[in-house]
K.L.:
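Sending over a structure as structure tokens; questions will come in a sec.
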Amino acid sequence: MPYWLLKSEPDCYSYADLERLGRDHWNGVRNYQARNYLRQMKAGDPCLFYYSSTKPAGIAGVARVVRSGYPDPSQFDPSSDFYDPKSPQSEPRWTTVDVEPVQLLPKFLPLETIRELPAWDASPLTRKGNRLSVLPVTPEQFEAALAAGGAEDLLTTDH
DNA sequence: GCCAACGTTGGC
DNA sequence: GCCAACGTTGGC
């Protein structure tokens with residue numbers, strides 16, 4: 001089963017917002033590489049919910065994909081910040097997925113600590129200049145993040 | 001198709 | 001707020 005990491009600015013959209021809504025679209029991704037990953041996501045895939053552009057940045061919680069990729073409606077909405085007039089209706093350019101909350105990490109996992117986890121050495125997340133907002137995570141990275149965040153092992157308790 | 005300019009991301 | 005990194009745009 002693939003694992004993913006989703007970035008969000010918590011001032012804009014936090015884990016608590018997702019928890020309050022119960023389920024939501026992960027929309028507004030306007031980067032082709034991130035979009036291609038969104039298109040690979042399947043219902044049931046676990047995701048790490050990452051806070052960017054905040055102090056400190058890091059992983060706040062775990063979410064799960066509940067609906068795989070479909071056209072992001074906001075690309076066709078002129079009143080949306082994510083409106084893309086160049087996206088053809090016949091072949092929508094941008095994709096969204098639906099996610100639901102799974103759990104808040106008992107201990108917020110700062111980027112500084114993520115960098116100390118050997119499994120994360122190879123991740124784009126820990127590389128300088130990284131700007132990818134949706135990225136794949138290995139099972140080892142996922143487990144290491146949960147352990148460091150004091151969470152239950154979802155690999156054995158789920159599914 | 002190249003590449004300079006520009007805009008955005010994101011850690012610090 | 002700064003600035004490095006990098007994606008996108010547009011002129012040629």
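Quantities reported herein were computed from a predicted structural model and do not represent experimental measurements. Here is the naming used below: chain letters follow the sequence lines, and residue numbers restart at 1 for every chain.
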K.L.:
Could you go through residues 66-76 of chain A and list every donor-acceptor pair under 3.5 Å that involves a side-chain atom there, pairing it with any protein atom two or more places apart or in another chain?
P.N.:
from     : atom 1 : to       : atom 2 : distance (Å)
Tyr70(A) : OH     : His25(A) : ND1    : 2.8
Tyr70(A) : OH     : Asp98(A) : OD1    : 2.5
Asp72(A) : OD1    : Ser74(A) : N      : 3.0
Asp72(A) : OD1    : Ser74(A) : OG     : 2.8
Asp72(A) : OD2    : Gly28(A) : N      : 3.0
Asp72(A) : OD2    : Arg30(A) : NH1    : 3.1
Asp72(A) : OD2    : Arg30(A) : NH2    : 3.4
Asp72(A) : OD2    : Ser74(A) : OG     : 3.3
Ser74(A) : OG     : Arg30(A) : NH2    : 3.1
Gln75(A) : OE1    : Ser87(A) : OG     : 2.7
Gln75(A) : OE1    : Arg93(A) : N      : 3.2
Gln75(A) : OE1    : Trp94(A) : N      : 2.9
Gln75(A) : NE2    : Asp72(A) : O      : 2.9
Gln75(A) : NE2    : Trp94(A) : O      : 2.8

K.L.:
Verify the cluster assignment for Leu117(A) and Leu5(A): are they in a single hydrophobic cluster under the rule of side-chain heavy atoms below 4.5 Å apart?
P.N.:
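Shared cluster, yes.
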K.L.:
Between the main-chain N or O of Pro56(A) and the side-chain N or O of Thr54(A), is there a donor-acceptor pair closer than 3.5 Å?
P.N.:
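Between the backbone of Pro56(A) and the side chain of Thr54(A) there is no qualifying donor-acceptor contact (under 3.5 Å).
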K.L.:
Charged N to carboxylate O under 4.0 angstrom, Glu100(A) versus Arg23(A)?
P.N.:
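Here Glu100(A) does not pair with Arg23(A) in a salt bridge, since their nearest N and O are not under 4.0 Å apart.
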K.L.:
Ring centroids only, cut at 6.0 angstrom: are Tyr15(A) and Tyr13(A) within range, meaning strictly under it?
P.N.:
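No, ring centres 6.0 Å or more apart.
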K.L.:
Identify, with sequence neighbours excluded, every residue that meets side-chain hydrogen bond (donor to acceptor under 3.5 Å, both in side chains) alongside Trp4(A).
P.N.:
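Scan of Trp4(A) (side-chain hydrogen bond (donor to acceptor under 3.5 Å, both in side chains), adjacent residues dropped) gives Asp45(A).
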K.L.:
Please evaluate residues Trp120(A) and Phe142(A) with respect to the criterion ring-ring contact (aromatic ring centres under 6.0 Å, His included), reporting the C-alpha separation (whole Å), side-chain torsions for both, the decisive distance (0.1 Å), and the verdict.
P.N.:
CA-CA 9 Å; Trp120(A) 284 84; Phe142(A) 190 82; 9.2 Å; no
K.L.:
Leu125(A) pairs by side chain to side chain contact (heavy atoms under 4.5 Å, CB included) with which of Leu132(A), Ile114(A), Val137(A)?
P.N.:
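Only match with Leu125(A) under side chain to side chain contact (heavy atoms under 4.5 Å, CB included): Ile114(A).
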K.L.:
What's Tyr50(A) touching, base or sugar-phosphate or nothing? Going by heavy atoms closer than 4.0 Å.
P.N.:
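Tyr50(A): backbone/sugar contact only, no base atoms under 4.0 Å.
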K.L.:
Quick one: label Lys55(A) by what it contacts on the DNA or RNA (base, sugar-phosphate, nothing), any heavy atom closer than 4.0 Å.
P.N.:
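The residue Lys55(A) makes no contact with any strand.
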K.L.:
Any side-chain donor paired with an acceptor under 3.5 Å for Thr95(A) and Arg39(A)?
P.N.:
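Looking only at side-chain atoms, Arg39(A) and Thr95(A) do form a donor-acceptor pair, the distance falling under 3.5 Å.
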K.L.:
Please work out which residues in residues 86-97 of chain A have a non-hydrogen atom less than 4.0 Å from an atom of DNA chain B and list them by number.
P.N.:
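By residue number: none to list.
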K.L.:
Tell me which residues in residues 124-132 of chain A lie within less than 4.0 Å of DNA chain C, going by non-hydrogen atoms.
P.N.:
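Nucleic-acid contacts, sorted: Lys128(A), Gly129(A), Arg131(A).
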K.L.:
Of all nucleotides in DNA chain B that come within under 4.0 Å of a heavy atom of chain A, which is furthest toward the 5' end and which toward the 3' end?
P.N.:
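Result: dG7(B) to dC12(B).
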K.L.:
Applying a 4.0 Å non-hydrogen cut-off, can you work out what Ser52(A) is touching in the nucleic acid: base, sugar-phosphate, or nothing?
P.N.:
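Sugar-phosphate: the residue Ser52(A), judged by heavy atoms under 4.0 Å, touches backbone atoms but no base.
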K.L.:
Identify all stems in which DNA chain B takes part, counting only runs of at least 3 consecutive pairs (Watson-Crick or G-U wobble, each distance under 3.5 Å), and give each as one range with another, ordered by first number.
P.N.:
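The stems that DNA chain B takes part in, listed by first number, are B:1-12 with C:1-12.
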K.L.:
Are the side chains of Leu105(A) and Val62(A) in touch, meaning some heavy atoms are under 4.5 Å apart?
P.N.:
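Yes, their side chains come closer than 4.5 Å.
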K.L.:
Can Tyr32(A) be reached from Tyr37(A) by stepping across I, L, V, M, F, W or Y side chains whose heavy atoms are under 4.5 Å apart?
P.N.:
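No, Tyr37(A) does not connect to Tyr32(A) through the hydrophobic network.
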K.L.:
If the test is side chain to side chain contact (heavy atoms under 4.5 Å, CB included), which one of Leu111(A), Val134(A), Leu135(A) qualifies with Tyr50(A)?
P.N.:
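Filter result, single survivor: Leu111(A).
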K.L.:
Which value, rounded to the nearest 0.5 Å, describes the distance between Ile59(A) atom CD1 and Cys47(A) atom SG?
P.N.:
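Taking CD1 in Ile59(A) and SG in Cys47(A), the distance rounds to 11.5 Å.
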